[in-house]
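This report concerns only the one structure given below.
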Amino acid sequence: GAVVSQHPSWVICKSGTSVKIECRSLDFQATTMFWYRQFPKQSLMLMATSNEGSKATYEQGVEKDKFLINHASLTLSTLTVTSAHPEDSSFYICSARDLEGTDTQYFGPGTRLTVL
Amino acid sequence: AQRVTQPEKLLSVFKGAPVELKCNYSYSGSPELFWYVQYSRQRLQLLLRHISRESIKGFTADLNKGETSFHLKKPFAQEEDSAMYYCALRGQGNTPLVFGKGTRLSVIA
């Protein structure tokens, strides 16, 4: 069945550095992918909608210059956390909707980011 | 505005007892409603959606437009049902899912 993969599954970085997280849809093409953030024991909060070939749409309160999103192909979206700070430490989850197939929104396994 | 409310953070039931996880929503149009489940150390996965009107792992959920509810029910809980359950809403068009805060179900042997 349709699967969404994320890489890396976890990353530790120093404050001030940038981190790139990849999200791939396997077995289906996704013109739209979604990036969520999940704090410990809390729900998923939508950060942005990633659109293939165009600019991402950010939710209110999410800094677009801090969280750069690129959706270069129908199967790949990347989230780059720029100049990371400890408060950016979180679990980042991507999701893609299989519009042509099951019309189900599938989720990646998540990436745990720890900023020291 | 879209909003999903799950009033219970934690629900503990004994094995074999009935389970009902509550979900209420607000949306001005005709939404799609979903239940997602997250087992320990696993990714979020779709449990069921209201348009399918099917039973998955013994769980059912009926959309009640009058009460704007989409409660998840199972007549006899099993230990393997212990997980985090999220109710989610999707508006019209290619829009993202909006999640409730989730309910942790703990089934006690």
Side-chain angles (χ1 to χ4, degrees), chain A residues 1-7 9-10 23-26 29-52 54 56-60 62 69 71 74 77 91-112, chain B residues 1-11 21-25 27 30-54 56 61 72 82-106:
Chain A
V3 171
V4 173
S5 69
Q6 272 183 253
H7 178 80
S9 54
W10 59 270
C23 175
R24 293 181 186 274
S25 59
L26 309 179
Q29 295 182 329
T31 54
T32 305
M33 292 184 175
F34 307 101
W35 286 95
Y36 292 83
R37 186 171 177 177
Q38 186 177 33
F39 290 102
K41 302 193 178 185
Q42 293 190 32
S43 186
L44 285 78
M45 288 189 57
L46 180 68
M47 296 175 66
T49 300
S50 170
N51 304 299
E52 188 266 335
S54 65
T57 306
Y58 290 82
E59 295 299 298
Q60 194 172 14
V62 178
I69 291 172
H71 194 150
L74 289 171
S77 174
F91 198 55
Y92 293 88
I93 303 172
C94 78
S95 176
R97 185 175 174 185
D98 182 11
L99 270 171
E100 303 296 320
T102 61
D103 195 23
T104 296
Q105 190 166 326
Y106 295 97
F107 286 81
T111 297
R112 181 160 303 285
Chain B
Q2 304 173 24
R3 190 165 62 219
V4 178
T5 303
Q6 292 180 251
E8 305 136 328
K9 286 183 74 172
L10 172 66
L11 184 63
L21 289 89
K22 291 184 167 45
C23 172
N24 287 88
Y25 67 90
Y27 182 70
S30 295
E32 288 187 76
L33 273 296
F34 304 81
W35 277 98
Y36 275 79
V37 61
Q38 189 170 31
Y39 299 103
S40 179
R41 300 183 185 277
Q42 293 188 29
R43 71 181 70 195
L44 208 61
Q45 56 185 284
L46 178 66
L47 181 62
L48 52 81
R49 58 206 305 175
H50 89 269
I51 58 173
S52 300
R53 301 185 65 81
E54 55 189 347
I56 304 293
L72 183 68
S82 295
M84 196 74 183
Y85 290 81
Y86 293 97
C87 183
L89 174 153
R90 184 167 68 203
Q92 287 147 337
N94 190 14
T95 53
L97 290 169
V98 173
F99 287 88
K101 295 193 172 188
T103 298
R104 180 167 298 283
L105 174 64
S106 177

Using heavy-atom distances under 4.5 Å, tell me whether [X] contacts chain A through its side chain, its backbone, both, or neither.
X	value
B/Phe99	both
B/Gln42	neither
B/Arg90	side chain
B/Arg49	side chain
B/Leu46	side chain
B/Tyr36	side chain
B/Glu32	side chain

When rounded to the nearest 0.5 angstrom, what distance separates [atom1] in [X] from [atom2] in [Y]?
X	Y	atom1	atom2	answer
B/Lys22	B/Gln6	NZ	CD	12.0 Å
B/Leu10	B/Ser106	CG	OG	6.5 Å
A/Phe34	A/Cys23	CZ	SG	11.0 Å

Given heavy-atom pairs under 4.5 angstrom as the criterion, report whether the side chain, backbone, both or neither of [X] touches chain B.
X	result
A/Gln38	side chain
A/Gln105	both
A/Thr104	both
A/Leu46	side chain
A/Leu99	side chain
A/Thr57	neither

Side-chain donor or acceptor of [X] paired with backbone N/O of [Y] under 3.5 Å:
X	Y	answer
A/Gln6	A/Tyr92	yes
B/Gln45	B/Tyr39	no
A/Ser43	B/Gly100	yes
A/Asp98	A/Gly101	yes
A/Glu52	A/Leu74	no
A/His71	A/Ala30	yes

Using a cut-off of under 4.5 Å on heavy-atom pairs, state which of [options] scores highest against chain B.
options	result
A/Pro109, A/Ser95, A/Gly108	A/Pro109
A/Met45, A/Arg97, A/Gln42	A/Arg97
A/Ile93, A/Thr32, A/Thr49	A/Thr32

Open item on the list: Could you tell me if the side chain of B/Leu72 sits less than 4.5 Å from the side chain of B/Thr103, heavy atoms only?
Closed with: no
